[in-house]
2 protein chains.
Amino acid sequence: MSKSAMQDELREALTSDTPSAKTKRDLIESALLHFGREGYAGTSTRTIAQTAKTNIASIAYHFSGKAGLKQACINFIAMSVGDVLAVVLNRKITEIEHMSPEEARAKLLEMVDRMITFTQTNKRAELLMSFILREVLHSPDETDTLYKAVFGPLLDRATTLLSRATGQPATSDELKLATFTLIGQLLYMRLARPFVLKRMEWKAVGPEELEQIKSVIHRSINALLDDLSKGKSNA
Amino acid sequence: MSKSAMQDELREALTSDTPSAKTKRDLIESALLHFGREGYAGTSTRTIAQTAKTNIASIAYHFSGKAGLKQACINFIAMSVGDVLAVVLNRKITEIEHMSPEEARAKLLEMVDRMITFTQTNKRAELLMSFILREVLHSPDETDTLYKAVFGPLLDRATTLLSRATGQPATSDELKLATFTLIGQLLYMRLARPFVLKRMEWKAVGPEELEQIKSVIHRSINALLDDLSKGKSNA
DNA sequence: TCTATTTAATCAATCGTTTGATTGAATTGT
DNA sequence: ACAATTCAATCAAACGATTGATTAAATAGA
């Protein structure tokens, strides 16, 4: 079964209004919450079932065990984040390739903006990021689903925009690596939030703080884009 | 008891050659390994004791339980990483404040270089980063020890260098936030290694790949420094 | 009715911790 | 100086609690 077919099946299984679909949804929702907060090993099936207001045996019945429920969570994340990315990256790569440098830069910054807003303000984003990060930390060799459904397309679009905005070939190693520094900045700003709050003497990240973060990352990315564009003529 | 006093005590307790010191060292070493790999909840005291080649009861005896051993690991990290930083950041802040912009930029890049090499190549660094990240993810409100002993001093030095290199005041929010984007780039490049390897079609990060990473991050940071320096005259 | 789903109860296994016994090296008393 | 005692340290064994999984009976939906 192909990746997208699996996600379509999952989507249908979760969006229908059969009683079984609701139980599945509740279980995934609950598992996502607890896995993200306490980690996989730190979460008991009883806790998951209790939050989902269902019986422990439901986990085995619907997902054939705790491990299956985790995999369902991964698929769910791949699906839902894929939806978010579909909005952000609604343009196909071929469209991007015909953009002017200015247009591409604006699009890239808009995409970065959305990602910052999502990571910094969305409550569910916190759980998703925790879940993904724990998965990468614990099973770095089993991140294929997440890469193919989330990070692969994201990196593809970002690198292509970066290429259009700077005039550098999208195939160059430097540009592909630069994409990581670009995304790394904004993701780290969320991961290290406890340290950011301490350092900036903030109590929380509200609208004002969000704008400050956006401003700094914009400036950093614009500087990098300018420099990479210069490199075009230098090369 | 002050933080440094606690760490001095810990250092003495671990470096002496009494039988108890060796057992403590072995237990912390083992716990660091397993906590970093499988997480706190995912690691059993039996596994820890087995790797440390001692009895399970030793954990309760020396650290009054699993939780105490985790705290000892945190203190150990704060101590050892503090030592690493002491070498990297051997200059006092007052010395930095008398550097020329060129000198400060060179020092900043040298510091970034060391951090990249450490995070990308040091085997222990992988465990430390995993441990720290899991801690930040799971107990964001209990990261005081790590902040005060590791990230606080690091951010202080980096921001001061950034200030000298750009002419911007070290107290400005923009500069303090820029420090996070700076450090975030290189840390993320290590955290997201599974994705970096997939994207770059690398099998591992060897000397050549390390140089490519350094080159890109150097370029990104230099671009940011140039831009922030321009901002001095613009403001 | 007949299948799909939920439920309470129970399973063996593993969890962190505690126990009491044992060791050998200090410390004490004479 | 030497036996008596105390002490820190380690050990195997067992504790009650909790884990993920499973069962068979009860319930719900078509």
Side-chain angles (χ1 to χ4, degrees), chain A residues 9-10 12-74 131 134-135 138-139, chain B residues 9-10 12-74 131 134-135 138-139:
Chain A
E9 195 190 30
L10 175 67
E12 190 183 340
L14 292 183
T15 51
S16 71
D17 62 347
T18 64
S20 122
K22 170 165 172 45
T23 304
K24 285 186 183 177
R25 259 184 280 122
D26 291 345
L27 279 175
I28 290 180
E29 183 95 15
S30 170
L32 222 42
L33 176 75
H34 291 292
F35 288 165
R37 283 187 182 166
E38 324 285 339
Y40 177 76
T43 304
S44 74
T45 52
R46 283 167 178 81
T47 301
I48 297 173
Q50 190 175 12
T51 301
K53 288 170 185 162
T54 181
N55 194 274
I56 325 168
S58 309
I59 297 173
Y61 181 79
H62 289 287
F63 302 100
S64 59
K66 190 185 182 185
L69 178 53
K70 183 179 95 172
Q71 190 56 50
C73 285
I74 294 178
F131 186 96
R134 286 181 193 273
E135 200 57 23
H138 190 268
S139 312
Chain B
E9 195 190 29
L10 176 66
E12 190 184 339
L14 292 183
T15 51
S16 71
D17 61 347
T18 64
S20 117
K22 168 161 173 50
T23 304
K24 285 185 182 177
R25 260 184 279 120
D26 291 345
L27 279 175
I28 290 180
E29 183 95 14
S30 169
L32 223 43
L33 175 74
H34 291 292
F35 288 164
R37 284 186 181 167
E38 324 286 339
Y40 177 76
T43 303
S44 74
T45 53
R46 285 168 177 80
T47 301
I48 297 173
Q50 189 175 13
T51 301
K53 288 170 186 163
T54 180
N55 193 272
I56 324 168
S58 309
I59 296 173
Y61 181 79
H62 289 288
F63 301 100
S64 59
K66 191 185 181 184
L69 178 54
K70 183 179 93 171
Q71 189 56 51
C73 285
I74 294 178
F131 186 97
R134 287 181 195 272
E135 200 58 23
H138 190 269
S139 313

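Here is the naming used below: chain letters follow the sequence lines, and residue numbers restart at 1 for every chain. Remember, predicted model here, so these are calculated numbers, not experimental data.
In this structure, the CD atom of A:Q50 is 11 Å from the P atom of D:dT19, given to the nearest Å. Residue B:Y61 contributes atom OH, which lies 8 Å from atom C1' of D:dC7 at whole-angstrom precision.
Applying the side chain to side chain contact (heavy atoms under 4.5 Å, CB included) test to A:S64 and every residue at least two apart in sequence or in another chain returns nothing. Under the side chain to side chain contact (heavy atoms under 4.5 Å, CB included) criterion, A:Q71 pairs with A:I74, A:N75, A:T145, sequence neighbours left out. Partners of A:T45 by side chain to side chain contact (heavy atoms under 4.5 Å, CB included), not counting sequence neighbours, listed by chain and number: A:I56, A:I59, A:K66.
Between B:H62 and D:dT10 there is a side-chain N or O to OP1 or OP2 distance below 4.0 Å. In this structure, B:T23 reaches the D:dT10 phosphate: one of its side-chain N or O atoms is under 4.0 Å from OP1 or OP2.
Taking every heavy atom of residues 31-39 of chain A and every atom of DNA chain D, no pair lies under 4.0 Å.
For the pair A:A52 and A:D26, the tightest heavy-atom approach, listed with the atom from each and the gap, is CB-O, 3.5 Å. B:C73 and B:A31 make their closest contact through SG-CB, 3.7 Å (heavy atoms, listed as atom of the first residue, atom of the second, distance).
Residues B:L69 and B:I48 meet the side-chain proximity criterion, which asks for heavy atoms closer than 4.5 Å.
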Reading nucleotides 7-23 of chain C from the 5' end, what letters show protein touch, with B for base, S for backbone sugar-phosphate only, - for no heavy atom under 4.0 Å?
-> BB-B----BBBBB----

Can you list, pair by pair, the side-chain donor-acceptor contacts under 3.5 Å of residues 33-40 of chain B, counting residues two or more places apart and other chains?
{"from": "B:H34", "atom 1": "NE2", "to": "B:T51", "atom 2": "OG1", "distance (Å)": "2.7"}
{"from": "B:E38", "atom 1": "OE1", "to": "A:H138", "atom 2": "NE2", "distance (Å)": "3.1"}
{"from": "B:Y40", "atom 1": "OH", "to": "B:A67", "atom 2": "N", "distance (Å)": "3.3"}

